[in-house]
Amino acid sequence: MAFFTHHVCRGLSSSAVRHVAIKHLTVIGGGQMGAGIAQVAASTGHSVTLVDTNGEILKKAVKGIEGNLKRVAKKKFSDKPESGEEFIQKALQNVSTSTDAASVVQGSDLVVEAIVENLKIKQDIFSGLDKLAPAHTIFASNTSSLSITDIASSTSRLDRFAGLHFFNPVPVMKLVEVIGTSATSQETLDGLLNFSKILGKTPVSCKDTPGFIVNRLLLPYIIEAVRMYERGHGSKEDIDIAMKLGCGYPMGPLELADYVGLDTMKFIMDYWSAANPENPSFAQSESLNKLVAEGKFGKKTGEGFYKYK
């Protein structure tokens, strides 16, 4: 009987989603992005379960969340320290942790995945949770580069699956990209747009195109700067200075590449190139490939296009 009920509910019209407020959130991944999403959700009154297979990562995440909340409270309640402490404690009470997603997803209105950019791993996680989560639960991926359609294909809730792309650091960055596939229902999109606004973010809607809006514009811009440098049309220093002073950007494109991580950039460009081989914007970069092969990933390894102390 339980099996029958579960599958009948799964077949209900997606119109049921419009009546479901997002109150209980499960975040898969206790890294910087997952912890950041958990923090902003808990700070705005949502009940959050942060999930990771590594208990030590979860402990570190909660400690980081507490530290960030203290900084926020100090600034926000500078003249009312008692209110600041109350804010911190309320937010922390909204956060719980678990190493077993299957045991907590049954009570979730929204499941957000924020793990490694690996399509197979994401598909496996959502495929397993799809069998356990309630019919109304919305699934969302925080991927910055992979196809939402491809990730969602591992589930049976295509109308309740979307992209929810936050930017790093999540507590600071105001933008959220809400990405819909051809199967995502309008109720699901409206729910995620409203949820983002409640978090204090500014959401923008986008179709499921490579890189969505920001990265689709940003990465080809960076790669074109790399190609300009490869052609000898300008030194890396002059290219960066030109874009900072000429366009008012805080960083030049090659400096920004080092900050993003050359390995991350290569991973994304390789994925896009394989999926869209006819698009010249996604073509390989020799210097990028060479630096990554040498283990020079940018600022995090101490050397990329520039050297860092």
Side-chain angles (χ1 to χ4, degrees), residues 31-33 36 114 117 142-147 163-179 196 200-309:
Q32 190 172 17
M33 291 300 295
E117 290 286 74
N142 183 59
T143 181
S144 62
S145 60
L146 302 180
S147 165
L164 194 65
H165 181 214
F166 292 84
F167 289 78
N168 192 28
V170 177
V172 176
M173 300 295 280
K174 290 295 185 182
L175 182 66
V176 175
E177 291 176 320
V178 178
I179 304 100
S196 300
K201 304 300 184 185
T202 300
V204 294
S205 298
C206 180
K207 298 296 185 182
D208 187 21
T209 185
F212 317 133
I213 294 176
V214 173
N215 284 336
R216 180 60 180 270
L217 296 173
L218 180 63
L219 266 67
Y221 153 70
I222 293 175
I223 289 296
E224 184 55 34
V226 173
R227 294 193 184 110
M228 178 175 281
Y229 170 58
E230 290 173 343
R231 294 192 297 265
H233 291 171
S235 69
K236 57 181 181 287
E237 293 85 3
D238 283 347
I239 292 171
D240 280 349
I241 289 171
M243 294 310 295
K244 285 191 284 188
L245 300 185
C247 293
Y249 292 172
M251 285 186 186
L254 297 168
E255 182 185 4
L256 181 56
D258 277 353
Y259 182 82
V260 170
L262 303 187
D263 55 331
T264 300
M265 285 196 54
K266 175 173 166 52
F267 175 86
I268 295 172
M269 295 304 294
D270 285 352
Y271 176 78
W272 289 358
S273 179
N276 304 271
E278 75 291 345
N279 192 327
S281 297
F282 303 155
Q284 296 284 319
S285 161
E286 291 183 10
S287 59
L288 179 62
N289 289 345
K290 182 175 183 293
L291 287 168
V292 171
E294 294 172 349
K296 299 173 181 177
F297 299 162
K299 191 171 183 180
K300 61 186 173 184
T301 60
E303 184 174 355
F305 285 105
Y306 295 97
K307 291 185 178 180
Y308 304 87
K309 294 182 179 180

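Computed from a predicted model, the values in this text were never measured in an experiment.
- Between Val178 and Leu164 the shortest side-chain heavy-atom distance falls below 4.5 Å.
- Taking 4.5 Å as the limit, every side-chain heavy atom of Ser285 sits out of range of all side-chain heavy atoms of Met269.
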For a side-chain contact (heavy atoms from CB on, under 4.5 Å) check, start with the C-alpha distance between Thr264 and Glu117, then their side-chain angles and the critical distance, and finish with the verdict.
CA-CA 9 Å; Thr264 300; Glu117 290 286 74; over 6 Å; no

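- When all heavy atoms are compared, the tightest approach of Val172 to Lys201 is N-NZ, 4.4 Å.
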Is there a side-chain contact (heavy atoms from CB on, under 4.5 Å) between Val226 and Ser287? Walk through the geometry before answering.
CA-CA 8 Å; Val226 173; Ser287 59; 3.2 Å; yes

Could you list the donor-acceptor pairs under 3.5 angstrom formed between side-chain atoms of residues 291-299 and any protein atom two or more places apart in sequence or on another chain?
from   : atom 1 : to     : atom 2 : distance (Å)
Glu294 : OE1    : Lys296 : NZ     : 3.3
Glu294 : OE2    : Lys290 : NZ     : 2.7

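- Of all heavy-atom pairs spanning Ala257 and Met265, the tightest one is CB-SD, 3.6 Å.
- The closest side-chain heavy-atom distance from Asp208 to Ser147 is below 4.5 Å.
- At a threshold of 4.5 Å between non-hydrogen side-chain atoms, the residues Met243 and Met251 do not count as touching.
- Taking every heavy atom of both residues into account, Glu255 and Lys244 meet most closely at OE1-NZ, 3.6 Å.
- To the nearest 0.5 Å, atoms OG1 (Thr301) and CG (Asp258) are separated by 8.0 Å.
- The side-chain heavy atoms of Leu256 and Tyr249, taken from C-beta on, include no pair separated by under 4.5 Å.
- Here ring pair (Phe, Tyr, Trp, His ring centres under 6.0 Å) pairs that include residues 253-282, with residues two or more places apart or in two chains, are Trp272-Phe282.
- Remark: Lys236 qualifies as a cation-pi partner of Tyr306 under the 6.0 Å distance and 45° angle criteria applied to the six-membered ring.
- Considering CG of Leu219 and OG of Ser144, their distance stands at 8.5 Å, rounded to 0.5 Å.
- One finds the CD1 atom of Ile268 at 8.0 Å from the OG1 atom of Thr143 (value rounded to the nearest 0.5 Å).
- Heavy-atom neighbours of Gln32 CD from other residues, nucleotides or ligands within 6.0 Å: at or below the threshold of 12.
- Asp270 is listed as a side-chain neighbour of Gln284, based on a closest heavy-atom distance under 4.5 Å.
- Side chains of Phe305 and Leu262 form a contact here, defined as non-hydrogen atoms less than 4.5 Å apart.
- Heavy atoms only, all atoms of each residue included: Ile239 and Pro253 are closest at CG2-CG, 3.8 Å.
- A pairwise comparison of heavy atoms in Ile213 and Ser205 identifies CD1-O, 3.9 Å as the closest pair.
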For Lys300 and Asp263: C-alpha separation, side-chain torsions, deciding distance, then whether side-chain contact (heavy atoms from CB on, under 4.5 Å) applies.
CA-CA 10 Å; Lys300 61 186 173 184; Asp263 55 331; 2.9 Å; yes

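- Summarising the geometry, atom CZ belonging to Phe212 is positioned 14.0 Å from atom CG belonging to Leu218; distances are rounded to the nearest 0.5 Å.
- Using modelled atom types, one side-chain atom of Glu230 and one backbone atom of Glu286 make a donor-acceptor pair closer than 3.5 Å.
- A distance-only check finds a donor-acceptor pair linking the side chain of Glu177 to the backbone of Val214 [under 3.5 Å].
- In terms of heavy-atom proximity, Pro171 sits nearest to Gly36 at CD-CA, 4.2 Å.
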